[in-house]
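Proteins get letters first, then strands, A, B, ... in listed order; numbering begins at 1 in each.
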Amino acid sequence: MYALVDGNNFYVSCERVFRPSLNGRPVVVLSNNDGCAIARSNEAKALGIKMGAPWFQIRHMEETHGLVALSANFTLYGDMSNRMMSLAAGLGPSQEIYSIDESFIGLQGMRGDLTTRSHAIRARIHQWAGIPCGIGIGHTKTLAKLANHIAKTAERKPGSYPAELAQVCNLTALPAQDLDDVLASTLVEEVWGVGRKIGAQLHQCGVHTVLDLARLDPAMVRRRWSVVLERTVRELQGMQCIELDDAPEPKREIACTRSFGQAVTELPPLVEAVSEFASRAAEKLRKQGSLASQLLVFCHTSPFRPGPRFNKSVVVPLRRPTADTGKLVWAAAAGMRRVYEPGYKMAKAGVMLLDLMPGNVLQGELDLEDEDHRDRTQLMVALDALNQRYGKGTVHSGATGGSNKGKDWGMKQERRTPQYTTRWEDVPVARA
DNA sequence: TCTGGGGTCCTAGGACCC
DNA sequence: TCTGGGGTCCTAGGACCC
């Protein structure tokens, strides 16, 4: 049995802890470069503001509806998250931190009334961390997720579900008929693992509610869709297919990408940008104790704007797996010089570290013939510690070309490796 | 004018080998 | 020489998550 503890409107709730005057008002938190809304208060949701809505499309509500917009402060949210997570951990014997605002709690072996206990934990998180939460309980992670959705919706939209399910929804304590009623009044796309595409396909097949989905034959679902959706169906039926992952593996790839506030056409600022990205990515890489074997660099024009399109990337092989900022920055800069073509308004660029393997920077590189290398890697570990303690950008390795503090890079969507990736050897050198 | 930034898993198909 | 089956590895792309 699992619980899912999830902070409501998390970024907005974090801001409200320090600015109580925002309570009761429509508030959004905006992404990098104030591009679009990545968190919305209940009041903002009630205004019809969608997740990811571009700021320029909703800003008129500042005047018409008193909408308040805040620039994101991710350092603050990370701090608040840590507090919330350690309090949530009190609910059961194991915990998987799933995202900045959500954690699954394993409830195996717990005695007593879990609903009452959850209400108590919820009150404690609100009182000590200042964050309002919803808690959902189910026999599987998928059901716990669904329960959490019901707990939050019942609170936000009275009448949508029985009032006693608000804030804490324990599906395992519901009589069978009540459970069916709840599942029948929830649409399939609310299920964890069902997105827009598959949701639409399900509706076409007459599968509209979660109850409809839960009653499908798993074997048929596997044939018609995939093993992934089959697993979801089984989980809805109460069979555990997804385990609690309380000791996650290190990341298999690490990315740092940004959209630019204003389009960039020249090579030097692009090289500077990806150098900074590589430096950030190298920090993440060392933090998880990995080395990278390949580095991918890309840049592209805006998909939203007219004009000539450009979208290219290159994979730069690294001679040896490394976590050395200097080497990664060099590779990123070299890669950008290769992909760059003049005459385009670049909207976004990024760096991805690929083909990661475990390896301590120091121990992993001791056998290098490079004499300075050991000293440099030791220095980098020291710099990482300082930056972590005193904030990003406190000190830089000389290789990264100095501070980019205050630079405003914007944002845009990029989910997968760019399409036109070429091999390093096949790319002609750009004219600089 | 102005439109996130990260990640994961699964599958299909090609290359290569025996 | 010709033909074929089967396994493995890799990559690209689709779908999903927050």
Side-chain angles (χ1 to χ4, degrees), chain A residues 4 6-7 9-11 28-40 49-60 69 71-72 74 77-78 81 96-104 141-142 145 148-149 188-202 222-223 225-232 241-242 245 248-263 277 280-281 284 288 294 296 298 300-306 313 315 345 347-356 408-423:
Chain A
L4 181 71
D6 185 334
N9 316 325
F10 187 66
Y11 297 163
V28 292
V29 171
L30 301 175
S31 64
N32 263 341
N33 204 38
D34 292 348
C36 63
I38 53 175
R40 309 154 292 155
I49 296 172
K50 303 282 184 228
M51 185 66 172
W55 173 233
F56 72 89
Q57 285 177 1
I58 57 175
R59 68 180 308 166
H60 63 275
S71 298
F74 293 107
Y77 310 149
S81 173
E96 171 187 343
I97 294 175
Y98 180 69
S99 74
I100 193 162
D101 66 337
E102 285 174 75
S103 71
F104 287 101
K141 285 170 82 173
T142 303
K145 272 284 245 186
N148 182 274
H149 166 79
V188 276
E189 32 275 295
E190 303 301 343
V191 173
W192 191 37
V194 177
R196 260 213 340 254
K197 203 101 173 186
I198 290 172
Q201 293 167 9
L202 287 168
R222 181 181 201 141
R223 282 196 304 273
W225 282 276
S226 66
V227 291
V228 185
L229 193 62
E230 178 198 13
R231 215 151 44 201
T232 298
C241 304
I242 308 172
D245 187 8
E249 297 287 303
K251 303 244 182 283
R252 304 153 74 100
E253 48 189 68
I254 288 175
C256 187
T257 71
R258 293 282 183 283
S259 294
F260 302 115
Q262 290 186 323
F277 300 159
R280 285 278 163 83
K284 296 187 202 172
Q288 76 161 24
Q294 298 187 310
L296 180 148
F298 73 86
H300 62 70
T301 51
S302 169
F304 298 105
R305 302 177 58 77
S313 61
V315 174
K345 296 182 170 179
K348 181 171 182 176
V351 164
M352 299 173 72
L353 304 181
L354 309 172
D355 205 357
L356 308 189
D408 52 348
W409 285 309
M411 52 168 281
K412 242 273 315 108
Q413 206 153 295
E414 179 69 35
R415 287 270 225 39
R416 57 194 157 81
T417 303
Q419 205 174 347
Y420 304 107
T421 302
T422 39
R423 290 185 184 283

Next on the checklist: As a quick check of understanding, evaluate side-chain contact (heavy atoms from CB on, under 4.5 Å) for Asn148(A) and Glu102(A), giving each step before the final call.
Outcome noted: CA-CA 10 Å; Asn148(A) 182 274; Glu102(A) 285 174 75; over 6 Å; no
Checklist entry - Do the non-hydrogen side-chain atoms of Arg252(A) and Leu356(A) ever get within less than 4.5 Å of each other? => result no
Checklist entry - How are the rings of His300(A) and Phe298(A) set to each other: parallel, tilted or perpendicular (split at 30° and 60°)? => result parallel
Checklist entry - Which part of the nucleic acid, if any, lies within contact of Val191(A), taking any heavy atom under 4.0 Å across all strands shown: a base, the sugar-phosphate backbone alone, or nothing? => result sugar-phosphate
Item to check | Between C1' of dG13(C) and CD of Glu253(A), the distance in whole Å | outcome: 13 Å
Checklist entry - Touch check for Lys50(A), heavy atoms < 4.0 angstrom, all strands: base, sugar-phosphate only, or nothing? => result nothing
Item to check | 5' precedence on DNA chain B between Phe56(A) and Glu249(A) (nearest-nucleotide basis) | outcome: Phe56(A)
Checklist entry - Side chains of Leu4(A) and Trp192(A): closer than 4.5 Å at any heavy-atom pair? => result no
Checklist outcome for this item: Stems with DNA chain C, 3 or more Watson-Crick or G-U pairs in a row (under 3.5 Å), are B:5-18 with C:5-18
Checklist entry - Can you list the steps and then say if Tyr98(A) with Lys145(A) is a side-chain contact (heavy atoms from CB on, under 4.5 Å)? => result CA-CA 11 Å; Tyr98(A) 180 69; Lys145(A) 272 284 245 186; 4.3 Å; yes
Next on the checklist: Please determine whether a side-chain nitrogen or oxygen atom of Ser31(A) lies at a distance below 4.0 Å from atom OP1 or OP2 of dT3(B).
Outcome noted: no
Checklist entry - Roughly, in whole Å, what's the span from CG in Leu354(A) to P in dG6(B)? => result 14 Å
Checklist entry - How many Å lie between CG on Leu229(A) and P on dC16(C), as a whole number? => result 9 Å
Item to check | Closest-nucleotide ordering on DNA chain B, the 5'-leading residue of Gln57(A) and Pro250(A) | outcome: Gln57(A)
Checklist entry - How would you label the contact of Ile254(A) with the nucleic acid (heavy atoms, under 4.0 Å): base, sugar-phosphate, or nothing? => result sugar-phosphate
Checklist entry - With a 4.0 Å cut-off on heavy atoms, is Ile100(A) in touch with a base, just the backbone sugar-phosphate, or nothing at all? => result nothing
Checklist entry - Nearest of dC18(C), dA15(C), dT8(B) to any side-chain atom of Asp101(A)? => result dC18(C)
Checklist entry - Rounding to a whole Å, what distance do you find between Glu189(A):CD and dC18(C):P? => result 14 Å
Checklist entry - Taking only N and O in the side chain of Lys251(A), is any of them less than 4.0 Å away from OP1 or OP2 of dG6(B)? => result no
Checklist outcome for this item: Per atom distances to the Lys145(A) side chain, the nearest of dC17(C), dG6(B), dC16(C) is dC17(C)
Checklist entry - To the nearest angstrom, how far is Ile38(A) atom CD1 from dC17(C) atom P? => result 18 Å
Checklist entry - Heavy atoms, side chains only, cut-off 4.5 Å: are Phe74(A) and Ile100(A) in contact? => result no
Item to check | Integer-rounded Å distance: dC18(C) P and Glu96(A) CD | outcome: 12 Å
Item to check | Crowding at NZ, Lys284(A) (>12 non-hydrogen neighbours, <6.0 Å) | outcome: yes
Item to check | Spacing between Glu230(A) atom CD and dC16(C) atom P, to the nearest angstrom | outcome: 17 Å
Checklist outcome for this item: To the nearest 0.5 Å, atom NZ of Lys141(A) lies from atom CZ of Arg231(A) at 11.0 Å
Item to check | Residue Phe304(A), side-chain heavy atoms: nucleotide from dT3(B), dG5(B), dC17(C) that is nearest | outcome: dT3(B)
Checklist entry - In whole Å, what is the span from the CH2 atom of Trp192(A) to the C1' atom of dT8(B)? => result 11 Å
Item to check | Minimum side-chain heavy-atom gap Gln201(A)-Ile198(A) below 4.5 Å | outcome: yes
Checklist outcome for this item: ring-ring contact (aromatic ring centres under 6.0 Å, His included) filter on Trp55(A), not counting sequence neighbours, yields none
Checklist entry - Counting side-chain heavy atoms from CB outward, which of dG5(B), dG7(B), dC17(C) is closest to Tyr98(A)? => result dC17(C)
Checklist entry - If you measure from CD on Glu230(A) to CZ on Arg223(A), what distance do you get to the nearest 0.5 Å? => result 10.0 Å
Restricting both atoms to N or O, compile the protein contacts to nucleotides 9-11 of chain B shorter than 3.5 Å, with distance only.
from	atom 1	to	atom 2	distance (Å)
dC10(B)	OP1	Arg231(A)	NH1	3.2
dC10(B)	OP1	Arg231(A)	NH2	3.3

Next on the checklist: Can you identify which nucleotide, out of dG7(B), dC18(C), dT3(B), has its nearest atom closest to the Glu102(A) side chain?
Outcome noted: dC18(C)
Checklist outcome for this item: Considering only heavy side-chain atoms of Thr257(A), the closest of dG6(B), dC18(C), dT8(B) is dG6(B)
Checklist entry - When you measure from the side chain of Cys256(A), which nucleotide among dG6(B), dT3(B), dG5(B) comes out closest? => result dG6(B)
Next on the checklist: Please report the distance separating the P of dC18(C) from the corresponding atom of dT3(B), rounded so that it comes out in whole Å.
Outcome noted: 25 Å
